[in-house]
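Reviewing the structure listed below.
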There are 2 protein chains.
Amino acid sequence: MLKYILLGFLNYQPMTGYDLKRSIDNSTGHFWHAYHSQIYTTLRKMEQDGLVTSVIDDNDEKLERRIYEITEQGQSELKQWLGKSLTQLPPSKDSLLVRLFFSGLRSPQEVLNELKFQRQLHQQQLETYQQIEPEADPQSELEGSSIDFDREAKFWRMTLEFGLAYEKMYLNWLDETIARIESL
Amino acid sequence: MLKYILLGFLNYQPMTGYDLKRSIDNSTGHFWHAYHSQIYTTLRKMEQDGLVTSVIDDNDEKLERRIYEITEQGQSELKQWLGKSLTQLPPSKDSLLVRLFFSGLRSPQEVLNELKFQRQLHQQQLETYQQIEPEADPQSELEGSSIDFDREAKFWRMTLEFGLAYEKMYLNWLDETIARIESL
DNA sequence: GGCGGCATGTAAACAGTTACATGATTCC
DNA sequence: GGAATCATGTAACTGTTTACATGCCGCC
């Protein structure tokens, strides 16, 4: 999966591993997290497979900043992946729900503490998403590009809407669940 | 993670790998999926680590059905895990959102087809959850057990409520997103 | 000079997925 | 007899996470 995320971003413009890490953290990372260690190793592998090429940045002679660029083969692989629609539900994994499922073994107070802490985190996450709203086009500086970033931004916005809906739903459910446990 | 799910179920009663597979598919699998291959190998590893013990079922001489039972060490490890509350948001991974994020490369019709198909799947999933509602206690036959299954069932119900809220949110978002793309 | 953030990487461990394999039982 | 489902497992691979490691730059 990470492979396609990297191809997706490199299809916008050439970037270093670190640039990719930041791009992911600010956008797709909200629904597909990646560690820098995985990004660097995956980029190396993709270069071996001919999906990207890399050059060392000349501007900066001290730091070995490697700039990656997507190849035609990379573009074609990205398009091919997008062409094959999902035919199943993406499996969801939520360790909090696993913990809650087996919470008969814990004291109600312990469960409440955990849920209330999660509530804070989800509240923060919601606020993070709400602050992304105004600026929907972080790539707007790319004037000469062949990419229509207005069109791209519509899809980015849709994933943001998902994040907002998800956090609101999560907060609602946490509030109801907390209330239910408190009344036990 | 799977380790703790297996411990959680074995804490209710001794079971075979296949029993565990079915229990997971019907409950925690909705928020933490596991393949049978992983279940069997993890059980073997847990036995080596002293978290469970196993015996071959005598009733069935043809089939080598191995019945696993949780040990005291296993119980203590399960409780210890539950004791350490999550301090971060569980990372979510949703490949549909990744695909949508980069859907500027696709035709609107392709995107719509994928979203509409996902809509069907989520509708089915919602109905699945709605049918679980009436029977909240699949373990009710265990009369002599030391586990208070009424108390357990309250937590199971909470995770089910999450599933219902999640699917409703997802369907809503899909409907809005589909409408937005159709009006482009 | 020390601290924090920038920037890049490797190694080892762990988790999860896919494919292969086998044999029993049940139903048609 | 054949197909589907029950039931158990191994092997190879891929993906993900944690830990280790290094050095630069700017700020106080």
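First the proteins, then the strands, lettered A, B, ... as listed; each starts at 1.
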Legend entry - Spacing of Arg65(A) atom CZ relative to dG9(C) atom C1', expressed in whole Å: 15 Å
Inset, instruction - Could you check how far CD1 of Ile67(A) sits from C1' of dA7(C), rounded to whole Å? - result: 13 Å
Inset, instruction - Would you please name every residue forming a salt bridge (charged side-chain N to carboxylate O under 4.0 Å, His left out) with Arg22(B), sequence neighbours left out? - result: Asp19(B)
Legend entry - Pairwise side chain to side chain donor-acceptor pair (under 3.5 Å) hits with a residue in residues 82-95 of chain A, at least two apart: Asp94(A)-Tyr170(A)
Inset, instruction - Determine which pairs satisfy salt bridge (Lys or Arg N to Asp or Glu O under 4.0 Å) with at least one residue from residues 26-42 of chain A, sequence neighbours left out, and list them in order. - result: none
Legend entry - Gap between atoms OH and P, on Tyr68(B) and dA7(D) respectively (whole Å): 15 Å
Legend entry - Residues forming a salt bridge (charged side-chain N to carboxylate O under 4.0 Å, His left out) with Glu182(A), sequence neighbours excluded: Lys116(A)
Inset, instruction - List the protein contact pattern of nucleotides 10-22 of chain D with one symbol per nucleotide (5' to 3'): B for base contact, S for sugar-phosphate-only contact, - for none; contact means a heavy-atom distance under 4.0 Å. - result: B----SSBBB---
Legend entry - Rounded interatomic separation in angstrom, taking CG from Leu43(B) and P from dA7(D): 15 Å
Legend entry - Residues that Glu114(B) engages under salt bridge (charged side-chain N to carboxylate O under 4.0 Å, His left out), provided they are two or more places apart: Arg99(B), Arg106(B)
Inset, instruction - Would you check if the side chain of Thr159(A) reaches a backbone N or O of Leu97(B) as a donor-acceptor pair within less than 3.5 Å? - result: no
Inset, instruction - Determine to 10° how strongly the helix from dG1(C)-dC28(D) to dC28(C)-dG1(D) is bent, judged from the axes of its five-pair ends. - result: 20°
Legend entry - Spacing of Leu20(B) atom CG relative to dA7(D) atom P, expressed in whole Å: 13 Å
Report, one line per pair, each donor and acceptor closer than 3.5 Å where one atom sits in a side chain of residues 39-49 of chain A; sequence neighbours left out.
{"unit_1": "Thr41(A)", "atom_1": "OG1", "unit_2": "Ser37(A)", "atom_2": "O", "d": "2.9"}
{"unit_1": "Thr41(A)", "atom_1": "OG1", "unit_2": "Gln38(A)", "atom_2": "O", "d": "3.1"}
{"unit_1": "Thr42(A)", "atom_1": "OG1", "unit_2": "Gln38(A)", "atom_2": "O", "d": "2.6"}
{"unit_1": "Lys45(A)", "atom_1": "NZ", "unit_2": "Asp49(A)", "atom_2": "OD2", "d": "3.1"}
{"unit_1": "Glu47(A)", "atom_1": "OE1", "unit_2": "Ser54(A)", "atom_2": "OG", "d": "3.2"}
{"unit_1": "Glu47(A)", "atom_1": "OE2", "unit_2": "Ser54(A)", "atom_2": "N", "d": "3.1"}
{"unit_1": "Glu47(A)", "atom_1": "OE2", "unit_2": "Ser54(A)", "atom_2": "OG", "d": "2.9"}

Inset, instruction - State whether Arg66(A) places a side-chain N or O below 4.0 Å from either non-bridging phosphate oxygen (OP1 or OP2) of dA7(C). - result: no
Inset, instruction - Take atom CD1 of Ile39(B) and atom C1' of dG9(D), then tell me their distance rounded to the nearest Å. - result: 13 Å
Inset, instruction - Compare the minimum distances between each of dT8(D), dA7(C), dG9(D) and the side chain of Thr16(B), then state the nucleotide with the smallest one. - result: dT8(D)
Inset, instruction - Take the protein atom NZ of Lys21(B) and the nucleotide atom P of dG16(C), then report the distance between them rounded to whole Å. - result: 13 Å
Legend entry - N/O (side chain, Tyr18(B)) to phosphate O (OP1/OP2, dC6(D)) under 4.0 Å: yes
Legend entry - Rounded distance (Å) that lies between atom P of dT10(C) and atom NZ of Lys45(A): 15 Å
Inset, instruction - State, yes or no, whether a side-chain contact exists between Val111(B) and Thr177(B) at a heavy-atom distance under 4.5 Å. - result: no
Legend entry - For Leu121(A), the rest of its hydrophobic cluster, which grows through side-chain links under 4.5 angstrom: Phe117(A), Leu89(B)
